[in-house]
Amino acid sequence: MEPKLSPLFTKDEIAAAVSRLAAEIRRDYRDKNPLLIAVLKGSFVFLADLVRQLNLPLEIEFVRLSSYGKGTESSGRVRMAPGAPSQIKGRHVLVIEDIIDTGLTAAFLLDYLGRKKPASLKYCSLTDKKERRRVMVNIDYRGLTVPDKFIVGYGLDCDEKFRNLPDIYVLEQ
Ligand code: IMP
Ligand code: MG
């Protein structure tokens with residue numbers, strides 16, 4: 001059966017949210033040299049659009065985590081893949097995420113990075129699936145609130161598909 005995609009946010013709506021987040025980040029990190037840590041793979045499109053609006057002396061690292069197996073339900077377990085950035089101590093770290101769902105990934109990452117003694121540690125997520133939260137996490141920069149549905153596009157996938165769509169859709173199942 002063909003998957004059915006229902007439009008949720010157009011690329012213009014996404015661009016407006018990204019510009020707003022970029023303005024907030026520029027203001028808060030004006031005199032800093034932040035280290036952006038993007039969570040692969042879903043954040044790559046958002047990151048690319050966001051950093052081109054940040055005229056700051058920043059650096060970018062990537063982490064690879066997994067909580068999802070195949071499909072659309074969280075396994076509840078989060079793991080860090082090898083190759084995590086090592087120079088965190090004393091840095092102003094800003095995590096860049098595509099979506100916060102249960103909050104387990106964010107909680108894990110904040111704990112993991114916090115132990116490495118950054119000068120500051122903040123979280124930015126393009127989307128927030130609030131209703132599904134299982135652990136409390138503080139999101140410093142939040143883009144778009146999304147319903148309790150599985151969403152794809154603009155980097156977000158279902159089984160590695162749909163990441164290349166410019167808009168965001170609900171995957172009806
Ligand atoms: P959490 O640990 O439950 O907050 O899940 C975070 C991760 O699950 C995200 O970074 C995504 O990779 C994935 N995820 C959660 N909800 C969705 C969705 O609706 N579409 C695509 N990926 C999702
Ligand atoms: Mg992700």
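Values reported hereafter were calculated over all heavy atoms of this structure, with side chains retained and with hydrogens, waters and symmetry mates removed. Both ligands and their constituent atoms are indexed starting at 1 by order of listing. Computed from a prediction, not measured in an experiment: that's the story for all the values here. One-based numbering along the sequence shown.
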Check: According to the salt bridge (Lys or Arg N to Asp or Glu O under 4.0 Å) rule, which pairs have a member within residues 43-65, sequence neighbours left out?
Finding: D49-R52, E59-R91

Notebook entry, point to check: For ligand 1, which atoms sit closer than 4.0 Å to a heavy atom of T105?
Noted result: 1 (P), 2 (O), 5 (O), 6 (C)

Check: Of the choices L104, I151, V170, which has the non-hydrogen atom that lies closest to atom 19 (O) of ligand 1?
Finding: I151

Item checked: Greater than 12 external heavy atoms within 6.0 Å of K122's NZ -> yes

Next item on the list: Quick one: look at K129 and ligand 1, take heavy-atom pairs under 4.0 Å, and tell me if it's side chain, backbone, both or neither.
Entry: side chain

Check: With a 4.0 Å cut-off, would you call D148 and K130 a salt bridge?
Finding: no

Item checked: Non-hydrogen atom of K149 closer than 4.0 Å to ligand 1 -> yes

Next item on the list: Verify, without hydrogens or angle tests, whether T127 (side chain) and D98 (backbone) share a donor-acceptor contact under 3.5 angstrom.
Entry: yes

Note to self: Quick one, S6 with E172, criterion side-chain hydrogen bond (donor to acceptor under 3.5 Å, both in side chains). Give me CA distance, side-chain angles, the key distance, then yes/no.
What the structure shows: CA-CA 7 Å; S6 309; E172 309 287 356; 2.7 Å; yes

Next item on the list: Tell me which part of L156 gets within contact of ligand 1: side chain, backbone, both or neither, using heavy atoms under 4.0 Å.
Entry: side chain

Next item on the list: Give the atoms of ligand 1, by number and element, whose distance to some non-hydrogen atom of G103 is under 4.0 Å.
Entry: 1 (P), 3 (O), 4 (O)

Check: For ligand 1, is any non-hydrogen atom under 4.0 Å from D157's backbone (N, CA, C, O), its side chain (CB onward), both, or neither?
Finding: backbone

Note to self: One thing to verify: whether E160 and K41 come together as a salt bridge, which I'm taking to mean a side-chain N less than 4.0 angstrom from a carboxylate O.
What the structure shows: yes

Notebook entry, point to check: Which one holds for E97 and ligand 1: side chain close, backbone close, both close, or neither close, with close meaning a heavy atom under 4.0 Å?
Noted result: side chain

Note to self: On a heavy-atom basis, I'd like to know which of V146, I99, V78 is closest to atom 14 (N) of ligand 1.
What the structure shows: I99

Next item on the list: Applying side-chain hydrogen bond (donor to acceptor under 3.5 Å, both in side chains), name anything that partners K89, two or more places apart in sequence or on another chain.
Entry: none

